[in-house]
Asker: 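One structure, as structure tokens, below. Some questions next.
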Number of protein chains: 2
Amino acid sequence: MRHRLKDVAERAGVSVKTVSNVVNGYVHVRPDTRARVEEAIAELNYRPNLSARNLRKGRTGVIALAVPELDIPYFAELARHVVTAAAELGWTVLIDQTGGGREQERVVASGITDHLIDGLIFSPLALAAEDLAGLDGTPMVLLGERVDHGPADHVVIDNVAAAREMTAHLIGLGRRRIAAIGSQRTPEGASARLRLAGYTAALADAGIDYDERLVAPAPAWHRADGAAAMRGLLASGVRPDAVFCFNDTLALGALRALHEAGLRVPEDVAVAGFDDIEDGRFSIPTLSTIAPDKERIARLAVELLANRLDADPTAPPQELSAPYHLTPRESTSAP
Amino acid sequence: MRHRLKDVAERAGVSVKTVSNVVNGYVHVRPDTRARVEEAIAELNYRPNLSARNLRKGRTGVIALAVPELDIPYFAELARHVVTAAAELGWTVLIDQTGGGREQERVVASGITDHLIDGLIFSPLALAAEDLAGLDGTPMVLLGERVDHGPADHVVIDNVAAAREMTAHLIGLGRRRIAAIGSQRTPEGASARLRLAGYTAALADAGIDYDERLVAPAPAWHRADGAAAMRGLLASGVRPDAVFCFNDTLALGALRALHEAGLRVPEDVAVAGFDDIEDGRFSIPTLSTIAPDKERIARLAVELLANRLDADPTAPPQELSAPYHLTPRESTSAP
DNA sequence: AACGTTGCTTACAACGTTGTAGAAACCAGG
DNA sequence: CCTGGTTTCTACAACGTTGTAAGCAACGTT
């Protein structure tokens, strides 16, 4: 049923290698030979066996993208861009879902690199630098937070600056009791730490005292966590007039909790998020956010990988920064 | 840098095949030999070359999941479940994004099956039965709409019954002018046709006349399309007291448009969706929806694939049905 | 006529793995 | 110590592809 080069060769009356040459677009093939071969290929509906080709070439044409969870919209949107950018280079993307635990991420980082993929784009939550030490072979690009001076390329955005800018935006609306949702004390919370740092820096810039009671932790960054954190803040009796959520799903949860509490957004409480996911453009109210250039992030990651594959694989790791911009919407509009 | 069976064999002082036997858990290996080999494997950090193994075995351990768009939450959630179900069988999932066009889907259906994957789970939008004819080899499971009596297994939910049930639910609230958003006349719109059929059936059941002006098409099923369709309905002067959207993202867009028009949900207009995506549990108001059992769908699909791979590959195609249930939330609560 | 040059094609080996078949070592029972 | 059976191990070939090197025409140049 499934044909091989040999079958095509017999049918066209040429050698196996000539068929291979036609398939690979080698120039020195007589037009009539090429035509005969192509005809045979079409008749047999021949398709190359990629495993064999990979074995021979040492390349698979497949890269992996590992993200914590696909149904977090940010990662899904990112995945789309990575798939698109990779397709332009003729690569297929194998998407892996780590679940975000450190152990699972370690498995992905070390395990999946089994010759099946040429490279890995990895958006880790929990992974530490030492987990990456001694990984042989497969080139890797890290997305998001720096795994401090790890041995791999990475693409980041300036979380501190972005968080600071968003907090300053809230202050600019005249808000003074600005809560933050999403802090994390675990080692996994690298993004949380940086965004918190931006938040406190902006408060300091404006001469506003940091109030610990206004900072709510969130174990994960799902809608439910945002809603729970917001309810917690309201129940504790602090009365924020603005909330900076460390990502958009948290913010959507917070919007929901505020709605349930009968508070108006932005009149009573302004709400800001981070990530610019599609939902935020249609939520009620629409959500102000930090919009990282996801397409750029994806493209840079793919290019870094391509570089490491084609050029010097031993070059020192690079860190590239992707742009973002603050996108104000209804949830922080002036009343 | 990267080691082969041969390297391990030399280090352990045994033949290549013995190492292979150890790696594959073959029983008749003396404990001390096994120990020596395992030690060598550990020292060299040996990992099998999957391309070579695949070439030899004719299996890759990879299945593909092809969906139109990853950043449509329904597909992202589905993808998560498929990845989880496949992992239990030791399979890796390669996720492919077709974009939903017929030509692209045809390429995926015929092209990706290039020996790189053992099977394909495919959620097509546009694909027609004739595109699947004459696909050799790779087993495929279709999700969602039946490609009429195509040559492949598929997992469906009863769209007509579900849509009918939801429409009846709206009628049960006392609504009589019930709009539908999401109809499509293109051949791609198989889901749209079935859900529309359920809608009209429910109207007929209740003795309500079908009013064409209440049915709004949507080229795609994104939030923006839902919002646009809703605005269109309102602008046209029809005054629906309920809207059944053919999926949740359309419904979220419709909620937004209603909000902008100053209409209250559910007091003025009840809104219902389909798919039960996470957003709908936190939107304002929360969204009534049809909740298909996504986990079940994923599991059935993976099992069908496993069956076809391990058991009789020539068995006649099966069609399995997954359950769903109507989940009422705020957007259709009694005023 | 002998010579390189170029264009086209081919035989062979190799990529790293595992199935097959069989050799070697071991064991138990006579 | 031999016999027959089991356990343990190995040599070889094969999976389908492509790189290498080399062969064979056909050509134009000396």
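Per chain, numbering begins at 1; letters A, B, ... match sequence-line order.
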Asker: May I ask you to decide whether Arg299(B) forms a salt bridge with Glu88(B), counting only side-chain N to carboxylate O separations under 4.0 Å?
Answerer: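 Result for this pair is yes, salt bridge flagged.
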Asker: Between Thr18(B) and dT10(D), does any side-chain N or O lie under 4.0 Å from OP1 or OP2?
Answerer: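 Result: yes.
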Asker: Rounding to an integer number of Å, can you tell me how far Lys57(A) NZ sits from dG16(C) C1'?
Answerer: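 Taking NZ of Lys57(A) and C1' of dG16(C), I get 18 Å after rounding.
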Asker: Between Asp7(A) (CG) and dT17(D) (C1'), how many Å, whole number?
Answerer: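 Those two atoms, CG and C1', are 13 Å apart.
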Asker: For Lys17(B) and Arg56(B), find the nucleotide of DNA chain D closest to each by heavy atoms; which residue's nucleotide sits nearer the 5' end?
Answerer: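 Its nucleotide being nearer the 5' end, the pick is Lys17(B).
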Asker: Output the single nucleotide from dT17(C), dT9(C), dT17(D) whose closest atom is nearest the side chain of His28(A).
Answerer: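 Shortest atom-to-atom distance from the side chain points to dT9(C).
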Asker: Ignoring hydrogens and angles, answer whether the base of dT17(C) and the side-chain atoms of Arg53(B) contain a donor-acceptor pair closer than 3.5 Å.
Answerer: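 Check fails, no donor-acceptor contact within cut-off.
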Asker: Give the nucleotide from the list dT9(C), dT17(C), dG19(D) with an atom nearest to the side chain of Tyr46(B).
Answerer: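 It is dT17(C).
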Asker: When you check the phosphate oxygens OP1 and OP2 of dC15(D), does a side-chain N or O of Ser51(A) lie under 4.0 Å from one of them?
Answerer: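 Answer is no, no contact under 4.0 Å.
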Asker: Whole-Å distance between dT17(C) P and Asn49(A) CG?
Answerer: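 Answer to the nearest Å: 17 Å.
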Asker: Should Asn54(A) be listed as having a side-chain N or O under 4.0 Å from OP1 or OP2 of dT17(D)?
Answerer: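 For dT17(D), neither OP1 nor OP2 has a side-chain N or O of Asn54(A) closer than 4.0 Å.
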Asker: Could you give the CD1-to-P distance, from Ile41(B) to dT17(C), as a whole number of Å?
Answerer: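 That distance rounds to 10 Å.
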Asker: Return whichever of Leu5(A) or Asp32(B) has its heavy-atom-nearest nucleotide of DNA chain D closer to the 5' end.
Answerer: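 Nearer the 5' end of the strand: Asp32(B).
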Asker: Kindly determine whether Val155(A) and Leu304(A) satisfy side chain to side chain contact (heavy atoms under 4.5 Å, CB included), including the steps that lead there.
Answerer: CA-CA 9 Å; Val155(A) 180; Leu304(A) 277 176; 3.8 Å; yes
Asker: Between Gln97(B) (side chain only) and Leu70(B) (backbone N and O only), is there a donor and an acceptor less than 3.5 Å apart?
Answerer: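 Between the backbone of Leu70(B) and the side chain of Gln97(B) there is a qualifying donor-acceptor contact (under 3.5 Å).
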Asker: Between dT9(C), dG16(C), dT17(D), spot the one nearest the side chain of Pro48(A), thanks.
Answerer: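 For the Pro48(A) side chain, the nearest candidate turns out to be dT17(D).
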Asker: Side chain of Val14(B), heavy atoms from C-beta onward: which of dG19(C), dT10(D), dA11(C) has the nearest atom to it?
Answerer: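 Looking only at heavy atoms from C-beta outward on Val14(B), the closest nucleotide is dT10(D).
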Asker: So, is Tyr26(B) close to the dT7(D) phosphate, meaning a side-chain N or O under 4.0 Å from OP1 or OP2?
Answerer: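 The answer is no; no side-chain N or O of Tyr26(B) sits under 4.0 Å from OP1 or OP2.
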Asker: Taking the nucleotide of DNA chain C with the closest heavy atom to each, which residue, Leu55(B) or Arg30(B), is nearer the 5' end?
Answerer: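 Mapping each residue to its closest nucleotide by heavy atoms, the 5'-most match is Leu55(B).
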Asker: Do Lys6(B) and dG16(C) have a side chain to base donor-acceptor pair shorter than 3.5 Å?
Answerer: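 Looking at the base of dG16(C), it does not pair with any donor or acceptor on the side chain of Lys6(B) (distance under 3.5 Å).
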Asker: By the 4.0 Å heavy-atom rule, please label Asn21(A) as base, sugar-phosphate, or nothing.
Answerer: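 Asn21(A): base contact, heavy atoms under 4.0 Å.
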Asker: Leu44(B) has an atom CG; how far is it from atom P of dG16(C), in whole Å?
Answerer: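 Result: 14 Å.
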Asker: Ignoring backbone atoms, establish whether Ser20(A) has a side-chain N or O less than 4.0 Å from OP1 or OP2 of dT18(D).
Answerer: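 Ser20(A) to dT18(D) OP1/OP2: side-chain N or O found under 4.0 Å.
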Asker: Quick one: does Glu319(B)'s side chain have a donor or acceptor within less than 3.5 Å of a partner on Val156(B)'s backbone?
Answerer: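 Side chain of Glu319(B) to backbone of Val156(B), a donor-acceptor pair under 3.5 Å: no, none is there.
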Asker: Is it the case that the side chain of Lys294(A) and the backbone of Asp275(A) share a donor-acceptor pair, with hydrogens and angles ignored and the cut-off at 3.5 Å?
Answerer: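 Yes; judged by distance alone, with no hydrogens or angles, the pair exists.
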Asker: I need the Arg296(A) CZ to Ser321(A) OG distance, nearest 0.5 Å.
Answerer: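 Reported to 0.5 Å precision, the distance equals 9.0 Å.
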Asker: Counting only Watson-Crick or G-U wobble pairs whose two distances fall under 3.5 Å, which nucleotide matches dC1(D)?
Answerer: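 dG30(C) is the nucleotide pairing with dC1(D).
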